[in-house]
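Okay, structure first, notes after.
In this text, all values refer to a predicted model and were calculated from it rather than measured experimentally.
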Amino acid sequence: MPMETLGEAMDLSWTVHIRCLFDGKQGLKHGRDCNFRRQLDLETLVCTRGRAFPLGRLTERLRCPRCGCRRVSVMFVPPRENGALSARG
């Protein structure tokens with residue numbers, strides 16, 4: 001069953017990461033890349049957007065807090081399997 005909402009992602013303990021895609025180009029000038037990366041708090045996203053908010057629309061609603069660029073990449077990461085880690089050890 002595919003995960004489609006923020007509420008489902010929170011229930012399954014997924015994490016959300018954001019990365020700014022601003023490459024520093026402004027017309028003919030080229031500045032520094034932003035390269036902002038951070039893990040987002042999924043509980044806060046659910047509180048502000050609602051449990052039924054679709055994951056596919058999250059990218060269009062976010063903005064880089066450092067440079068203000070709307071071109072951001074959002075990545076959802078599943079939780080680590082504790083059994084796999086203990087089997088290695």
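Taking CG from Leu40 and CE from Met75, the interatomic distance works out to 11.0 Å, rounded to the nearest 0.5 Å. How far CE of Met10 is from OG1 of Thr5: 9.5 Å, rounded to the nearest 0.5 Å. A distance of 6.0 Å separates CG in Leu58 from CZ in Phe53, rounded to the nearest 0.5 Å. Separating the CD atom in Gln39 from the NE2 atom in His17 is a distance of 4.5 Å, to the nearest 0.5 Å. Note that the SG atom of Cys64 and the CD1 atom of Ile18 stand 6.5 Å from one another [nearest 0.5 Å]. Expressed to the nearest 0.5 Å, how far CG of Leu55 lies from CE of Met3 amounts to 5.5 Å.
Follow the hydrophobic side-chain contacts under 4.5 Å out from Leu6 and you reach Val16 in the same cluster. Under the 4.5 Å side-chain contact rule for hydrophobic residues, Leu45 and Val77 do not share a cluster.
In this structure, Phe36 and Cys67 have side chains that are not in contact, with every pair of non-hydrogen atoms separated by 4.5 Å or more.
Contact record, Glu60 with Arg57: CG-O, 3.0 Å, taken as the closest heavy-atom pair. Counting all heavy atoms, side chain and backbone alike, Pro79 lies closest to Ser13 at CB-O, 3.6 Å.
Among residues at least two apart or in separate chains, side-chain hydrogen bond (donor to acceptor under 3.5 Å, both in side chains) pairs with a member in residues 43-54 are Asp11-Arg51, Asp41-Thr44. A side-chain hydrogen bond (donor to acceptor under 3.5 Å, both in side chains) check over residues 64-73, counting only residues at least two apart or in different chains, returns nothing.
Among residues two or more places apart in sequence or in another chain, the side chain to side chain contact (heavy atoms under 4.5 Å, CB included) test is passed with Arg32 by none.
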